[in-house]
Every structure is written in structure tokens, then in C-alpha cells.
Undergrad: 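The structure that follows is given in the form of C-alpha cells.
Residues: numbered from 1 along the sequence shown. As a basis for the values below, the full set of heavy atoms in this structure was taken, side chains included, without hydrogen atoms, waters or symmetry mates.
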Amino acid sequence: MNRRISASIAAVATLLMITGCVSSSGTPTPTPTVALPALPTEGYLVAQTAVATSLDRDQHVLSTVGIDGVILSSTGDTVAELPENAAALVAAAHARGLSAELLVSNYDNSSGEFSRKIATALLGSAAHRTAVTSQLVAQVTSAGFDGVQIDLESLTAADSEGLAAFAQQLHEAIGAPKTVSMAVTAQSSKARYLAAGYDFAQLRTSLARVVLIAYDQHGPTWSKPGPVGGLPWATAALDALISTGLPTAQIDLGVAGYGYSWPGNGTTGAQLSDEDSRTLAGDLARYDTRQAEWTATLPDDTVVWWSDARSLNERRALALSRDLHGIAVWDLSLTDPL
């Protein structure tokens, strides 16, 4: 998992000249990906809906499976029980030669958002950090996970010391060869990463990898229509992350493998699989070469944006051009084949 792969400039240049594919009916089809050098790839699965066969399609590309996971309690001192099929999913990953890590997050089911209050309840208390660390280690051990990925979002600079302390404590408690990684939200500058609670000078020694969440730039409940994670925006966030001094060999570029809709009648939109996005868009779909995503505006003014196999390959090229460790794709149930 510590491989570094240099960029293939010729392959990247070839990739950027590719045009989209359209079927005889006018409906866009996934563009065949150009052969690029292999990169370690993490694919995420939501445990509640995943089964062992969810890994079959992409097992030849994957190196790690991120299993989502467990959430913190509202008081920040406990985590939810493991999903019933967690151990079976880990066993399925291992049977395919893949590692598996457990995601822990501060997602609040009642609000449908990541909760800073919940994160602060954990990070601001040494006793809570110890309790949660102990529970996570027990869960990792019982289900056979190879590590934990921390996914705490909506933080501020006031959370940075607690986050670093939690990562360090979990790193020490989980013990090699098991690892701790962290998903971080995209920011536009070094200062903004610090303001978002990510002090990488303190964090880097505890983390095997940092996954940049370079998606959800736009979405139907928090913004007007726009790319799920446009390439210029993702590139700027990645370069800002590198400017913090975090080694590129420690970074995975997170990539969306799904779409969103914004209904023209003003009702709340939905998350869509790549396949469902193409079906909805039909022959109105066009590939935005700057954003490296597909989009369509339907006759009823519904807008759709999605990131598919072609989008993934352009972001794989970006990861190679920055000599990153790898990529991470959310999620395997929604995306085109990797």
C-alpha cells in the first residue's frame, strides 16, 4: 500500500483528447478508459446494502475496500454497533486479496448532516477519545478489519488538537500492521485546511493515508446545480493539500462515481447511479470537458450532473500527474465499472 507511481505524461495527454461515446440511440455510454499506469484504489461500500458479491465486478482493480461503517453517538463517547454483515464483507474482501477498513464518522442520521457538535463531543474529551478508541479496536479485531478510516467532517480549527490526539491514540492502540487513515474535506488553501481542523504537521505521523474528499462540490440539498466534483475545483483542493507539506505518497484522491439531480419544479433532488443518470439524461447529455463531468438540462428544467468512468480516468490522470499514492471511489454500488 506504500507504492508511489510516477506519471505517464504521454498517457495523460492522450486521455485529455478523448471525446465522449454516444450510442446509436443518442444515449451516452461509458467511455472506454485509456490504459493508464495502475494505482492503488479504494472502493467504498455501504455495509447496510452491500453483499459479498458487491466486490466481484471491480476486484481486479481494487486494493482496499472501505466499509461504511459506524457512527458516533450524539454524546461522542460511543460508536454504533457494527453492521451485521461487516465480518462477512471483510472476509469477502480478504478472499479476493483485498484489505478492508472500517469507516467511523460523525454523521447525524437525525439531521442528515455531519455534525460538528458530535465531533467536538468526542475530540474535546480525553475520556471520550479513550472510550471510542477502545470500542473501535474491539470492532476491528472482532470483524478482522485491517484498519480504520476516520471520517470526521464539519470541523473547525478548535478541533485540531483533539483530532490529532485521537488519530495518534487510535494509531497506537490498533497496532501495526493495522493502519489508520483519514478522509478530509476539500479546501482551497493551506490556511483553510487548518481552519477546517486538519493540522497535518501533527496528523501525518499517525496516518497511513489521507483521502481527499474531492466530491460533493454541489448537491441538491446544499447548492444550485453544478458538477459533483469538478476537475478545476478538485485540482485546486489537491494542490492546496499538497502545499500543507503532506507527502504526496500519503494522499489518495477521492472521486465521485455517481450523480445528482435538481428537479425543475424546485423539489428536492436525488443521488443517482451513473447508469440512472445516463438514462435520465438520454440524448440531452453532454460532456463538459472543463469540469470533466457529464451534464444535461431536461425539458422540464431538471438539471443532472454526474461523474462516470470517463471522469474517473481523468482524475486518475490527475493523481498520476501529482505522484499520489492512489485514488478512492465513492461508491461501488453507484459507479460505472472501475
Side-chain angles (χ1 to χ4, degrees), residues 1-4 39-47 50 52 54-55 58-59 61-72 79-83 85-107 119 122-123 129-153 163-184 198 200 202-213 246-247 249-254 324-332:
M1 290 297 295
N2 292 319
R3 285 182 295 156
R4 294 185 73 183
L39 275 174
T41 300
E42 179 165 19
Y44 294 104
L45 286 174
V46 177
S54 301
L55 296 172
D58 300 308
Q59 61 182 325
V61 177
L62 295 171
S63 52
T64 302
V65 180
I67 298 175
D68 185 30
V70 293
I71 60 174
L72 291 161
V79 292
E81 293 184 2
L82 280 175
N85 63 338
L89 290 174
V90 174
H94 289 168
R96 292 160 174 79
L98 312 175
S99 62
E101 58 182 4
L102 172 67
L103 272 66
V104 57
S105 77
N106 60 324
Y107 191 78
L122 165 68
L123 301 177
R129 295 195 300 266
T130 296
V132 168
T133 294
S134 177
Q135 292 167 50
L136 288 172
V137 170
Q139 290 179 336
V140 165
T141 301
S142 67
F145 282 98
D146 302 291
V148 173
Q149 185 166 118
I150 300 168
D151 183 15
L152 301 181
E153 303 180 28
L163 181 61
F166 176 56
Q168 179 66 27
Q169 188 170 4
L170 185 56
H171 167 71
E172 293 174 352
I174 202 169
K178 298 184 187 299
T179 60
V180 177
S181 65
M182 182 179 292
V184 305
Y198 306 122
F200 293 108
Q202 296 188 70
L203 286 168
R204 57 179 290 185
T205 58
S206 304
L207 303 175
R209 292 177 297 114
V210 169
V211 178
L212 175 61
I213 306 173
L246 190 67
Q250 208 168 343
I251 300 172
D252 282 353
L253 178 63
L324 303 189
H325 169 268
I327 59 173
V329 184
W330 186 280
D331 76 44
L332 297 180

Undergrad: Are the side chain of S63 and the backbone of T41 linked by a donor-acceptor contact shorter than 3.5 Å?
TA: yes
Undergrad: Do the non-hydrogen side-chain atoms of E101 and D146 ever get within less than 4.5 Å of each other?
TA: no
Undergrad: Closest approach of H171 and S206, non-hydrogen atoms and distance?
TA: ND1-O, 3.5 Å
Undergrad: What's the verdict on side-chain contact (heavy atoms from CB on, under 4.5 Å) for L39 and L253, showing C-alpha distance, side-chain angles and the deciding distance?
TA: CA-CA 11 Å; L39 275 174; L253 178 63; over 6 Å; no
Undergrad: Minimum heavy-atom separation for A165 and R129, please, with both atom names.
TA: CB-NE, 3.8 Å
Undergrad: Does L203 reach the side chain of L246, with side-chain heavy atoms less than 4.5 Å apart?
TA: no
Undergrad: For A183 and I213, which heavy atoms make the closest approach, and how far apart are they?
TA: CB-CD1, 3.9 Å
Undergrad: Applying side-chain contact (heavy atoms from CB on, under 4.5 Å) to M182 and L163, what does each step give before you reach the verdict?
TA: CA-CA 10 Å; M182 182 179 292; L163 181 61; 3.7 Å; yes
Undergrad: When you look at L122 and N106, which way does the side-chain contact (heavy atoms from CB on, under 4.5 Å) test go after all the steps?
TA: CA-CA 9 Å; L122 165 68; N106 60 324; over 6 Å; no
Undergrad: Roughly how far, to the nearest 0.5 Å, is the OH atom of Y107 from the CG atom of D68?
TA: 10.0 Å
Undergrad: So, Q169 versus T130: side-chain donor-acceptor pair below 3.5 Å or not?
TA: yes
Undergrad: Closest approach of L207 and Q250, non-hydrogen atoms and distance?
TA: O-NE2, 2.7 Å
Undergrad: Quick one: does F166's side chain get under 4.5 Å of L123's, heavy atoms only?
TA: yes
Undergrad: Donor-acceptor check, side chain of N85 to backbone of A47, threshold 3.5 angstrom: yes or no?
TA: yes
Undergrad: What I'd like to find out is whether the side chain of L72 reaches to under 4.5 Å of the side chain of L152, using heavy atoms alone.
TA: yes
Undergrad: I want to check something: taking the side chain as every heavy atom from C-beta on, are L89 and V65 in contact at a cut-off of under 4.5 Å?
TA: no
Undergrad: What is the distance from atom CG of L62 to atom OG of S99, rounded to the nearest 0.5 Å?
TA: 9.5 Å
Undergrad: If we ignore angles and hydrogens, is there a donor and acceptor under 3.5 Å between the side chains of E172 and Q168?
TA: yes
Undergrad: For A173 and V137, which heavy atoms make the closest approach, and how far apart are they?
TA: CB-CG2, 3.9 Å
Undergrad: Do L55 and L45 touch side chain to side chain, with heavy atoms closer than 4.5 Å?
TA: yes
Undergrad: Under a 4.5 Å cut-off applied to non-hydrogen side-chain atoms, are Q139 and V148 in contact?
TA: no
Undergrad: Can you tell me if D252 uses its side chain to pair, donor with acceptor, with the backbone of G326 under 3.5 Å?
TA: yes
Undergrad: So V46 and W330, do their side chains get closer than 4.5 Å, heavy atoms only?
TA: yes
Undergrad: State the CG-CG distance between L82 and L136, to the nearest 0.5 angstrom.
TA: 9.0 Å
Undergrad: Main chain of R96, side chain of Q59: is a donor-acceptor contact present, judged purely on distance under 3.5 Å?
TA: no
Undergrad: Please give me the minimum heavy-atom distance between Y44 and V211, naming the atom from each residue.
TA: OH-CG1, 3.6 Å
